[in-house]
Amino acid sequence: MVTSHNLTDYETVREEFSWDDIYAEADWDAPNELNIGHEVADRHATDRGQVALYQVGTDGELTTMTFWELADRSSQFANVLADLGVEQGERVFSYMPRIPEHYVALVGTLKHGAVWGSVNERFGPDGISYRLDDCDAKVVITTTDNRDTVEDALDDAPAVEHVITVDRGGGAPADDVVFNTALDEASTEYEVAETGGEDDALLYYTSGTTGLAKGVLHKQRWIAGVAATQKYAVDLQDGDLYWSTGDLGWLTGAINTLGAWFWGTSLFTYEGEFDPEEWADLLDEYPINVLFSVPTAYRMLRENEEVLDDANLDLRHALSIGEPLSAGVVEWGEEELGVTILDTYGQTETGNMIINNYPTMDLRPGSMGKPLPGIEADIVDPETGEVMEPGETGEIAQRGDYPCFFAEFWEKPEKTRKAFVDGPDGEWYLSGDLAHKDEDGYFWFEGRADDVILSSGYRIGPFEVESSLGEHEAVAEAAVVPKPHEERGNIVKAYLVPSEGSEPSDSLAEDIQNHVKEELSAHEYPREIEFRDELPKTVTGKIRRTELQDEAEEEADVEP
Ligand code: ATP
Ligand code: MG
């Protein structure tokens with residue numbers, strides 16, 4: 001259905017791949033001399049007309065920024081940081097919407113050699129201060145709309161010395177640096193920091209799906225890793241308009257923004273939150289041809305697919321990350337979006353999408369695909385570090401010697417060490433995610449190691465059961481967790497959100513159970529079903545199974 005120009009033959013590219021070729025694309029003598037800010041902006045500034053960013057505000061207004069504007073503006077921002085006395089390696093964090101200033105601050109911070117981090121706007125004061133305090137951030141960039149929330153957070157983030165505020169009306173507190181005024185007064189000449197591949201660049205926090213979010217440090221060399229993903233997995237081409245819906249508050253947002261700009265691709269961004277109708281209008285109005293989003297957004301579009309009826313779509317690729325993407329959603333995408341949604345897998349720690357479906361590969365819907373060229377990933381026994389045979393379940397693991405692999409959990413050497421296991425043929429980083437490979441090397445996700453259900457001696461991965469549940473027409477969303485049980489150890493309990501027009505009832509529950517028994521297996525079906533209006537989620541929209549598991553445990557009232 002789709003063609004790729006960059007990866008005509010997966011196996012050949014995998015064999016011929018070299019990181020040096022990617023580094024060779026950079027302006028400087030990478031990885032010894034490398035600065036992400038320079039590589040993503042200044043390098044393309046000579047191409048005067050090329051647009052870096054098309055931004056649509058919540059008011060529907062379009063703002064464009066060319067690469068030379070981005071280069072100039074980010075230099076001005078870097079000069080502002082220099083004037084404030086911010087030094088290389090110090091942390092600068094944002095808490096703001098998807099507006100052009102946000103992207104300018106990102107690039108400017110990197111040019112200055114400071115470490116960039118970001119907190120998604122859905123967090124409140126406690127979420128903000130936890131992150132700022134954990135890494136002793138020195139500067140916060142925000143907007144007047146968010147200024148009160150930041151103020152509440154500052155009490156618990158004593159290292160913060162400066163707040164830079166974008167005035168969107170109402171004026172900023174007297175002690176703040178006002179973004180636009182300060183930049184206008186600053187020079188557009190800036191000598192980019194003399195950083196190298198091993199200097200600190202980004203500090204992003206994980207989603208906190210399984211517990212407290214962890215600060216994950218990445219180096220300047222990270223850019224080569226994400227550039228490879230954008231080339232081979234996202235398959236960017238000249239003239240593309242690329243909408244990655246992920247916020248800069250998550251590493252995925254930074255990966256797709258900076259990785260795409262490394263290649264000079266034009267990005268699209270929308271300030272507003274997810275809304276099926278709004279998204280359909282944007283896809284209709286703008287010639288967006290590459291869309292990168294998350295399973296929950298695709299599922300919501302499926303639930304409201306009538307919004308796409310009159311939309312004129314130009315998509316060449318659609319991609320997904322963050323949670324498993326079921327075969328049913330992939331098939332829906334082929335019908336309604338006209339493209340095969342390509343699932344990609346990665347973590348804040350891996351710094352990149354390391355296992356992906358590539359446009360030219362024979363795809364197996366429901367599979368995560370195969371390792372990115374240049375990355376060694378496998379399924380490993382977490383106890384022994386041995387590579388598993390096809391069909392055997394183990395943890396997704398990888399060797400840590402490629403550019404975008406993380407350097408450390410911020411100032412937590414013990415935690416960092418624990419993420420590795422020594423095996424007979426060397427050390428592996430363990431992801432904490434369970435999967436197996438098939439005979440042809442495709443990876444199949446099973447669930448987080450913490451989420452696996454042990455029932456009557458069977459190990460049951462929640463994803464397979466959830467996918468099967470999702471194929472039932474009455475099910476909009478599903479989450480399964482173990483519920484303690486006297487004889488069986490645990491039973492599988494499913495929490496279901498009924499699809500529109502479906503009425504929860506005992507007979508519906510039974511019908512759904514029979515569906516899973518027949519389609520999947522007799523031992524994995526949920527013995528208990530509970531209907532809910534919604535499922536608990538992280539701010540990124542990932543289902544929080546731990547919360548449901550706690551509820552199920554409490555309800556079971558069984559002695560462990
Ligand atoms: P925390 O580590 O704080 O518990 P988190 O693991 O959700 O949160 P992220 O680094 O944002 O934080 O997410 C990475 C995780 O998301 C992966 O380890 C995996 O569990 C899940 N994930 C990402 N992509 C996929 C995918 N394509 N299929 C299945 N799971 C995925
Ligand atoms: Mg994680």
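Indexing begins at 1, ligand by ligand and atom by atom, following the structure's order. Here the structure is a predicted model, which means the values were calculated and not measured.
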List the atom of Pro462, the atom of Val452, and the distance in Å for their closest heavy-atom pair.
CD-CA, 4.3 Å

Any nitrogen or oxygen of Gly322 lying under 3.5 Å from a nitrogen or oxygen in ligand 1? Just yes or no.
yes

Contact region, Thr209 to ligand 1, non-hydrogen atoms below 4.0 Å, reads both

When distances are taken from atom 6 (O) of ligand 1, the protein heavy atom at minimum range is Arg448 NH1, 3.0 Å

Tyr205 ring centre to Lys214 NZ or CZ under 6.0 Å, with the angle to the axis within 45°?
no

min-distance protein heavy atom vs atom 2 (O) of ligand 1 -> Lys214 NZ, 3.0 Å

Compute the ring centroids of Phe274 and Trp279, then answer whether they are less than 6.0 Å apart.
yes

Using heavy atoms and a threshold below 4.0 Å, how should the contact between Phe445 and ligand 1 be classified: side chain, backbone, both, or neither?
side chain

among protein heavy atoms, the one nearest atom 4 (O) of ligand 1 is Thr210 OG1, 2.4 Å

Does any non-hydrogen side-chain atom of Phe93 lie less than 4.5 Å from one of Trp116?
no

Among Glu323, Arg544, Lys542, whose heavy atom sits nearest atom 16 (O) of ligand 1?
Lys542

Is Arg459 atom CZ crowded by more than 12 heavy atoms from other residues, nucleotides or ligands, each under 6.0 Å away?
no

Could you tell me if Thr350 and Tyr345 have a donor-acceptor pair between their side chains, going purely by distance under 3.5 Å?
no

Just distances here: any N/O of Leu325 and N/O of ligand 1 closer than 3.5 Å?
no

Tell me, which protein residue and heavy-atom name are nearest atom 29 (C) of ligand 1, and how many Å apart are they?
Pro324 N, 3.2 Å

Can you check which of Thr206, Asp433, Thr344, Ile321 brings a heavy atom nearest to atom 27 (N) of ligand 1?
Thr344

With a cut-off of 6.0 Å (strictly less than), are more than 12 heavy atoms of other residues, nucleotides or ligands near CG of Asp422?
yes

Between Thr348 and ligand 1, which part of the residue brings a heavy atom under 4.0 Å of the ligand: side chain, backbone, both or neither?
both

For atom 12 (O) of ligand 1, find the nearest protein heavy atom and state the residue, atom name and distance (0.1 Å precision).
Ser207 N, 3.1 Å

Test salt bridge (Lys or Arg N to Asp or Glu O under 4.0 Å) applied to Asp440 and Arg364, step by step
CA-CA 11 Å; Asp440 302 311; Arg364 302 194 174 165; 2.9 Å; yes

Asp378 versus Gln398, side-chain donor and acceptor atoms under 3.5 Å:
no

Hey, which atoms in ligand 1 end up nearer than 4.0 Å to a heavy atom of Gly346?
14 (C), 17 (C), 23 (C), 24 (N)

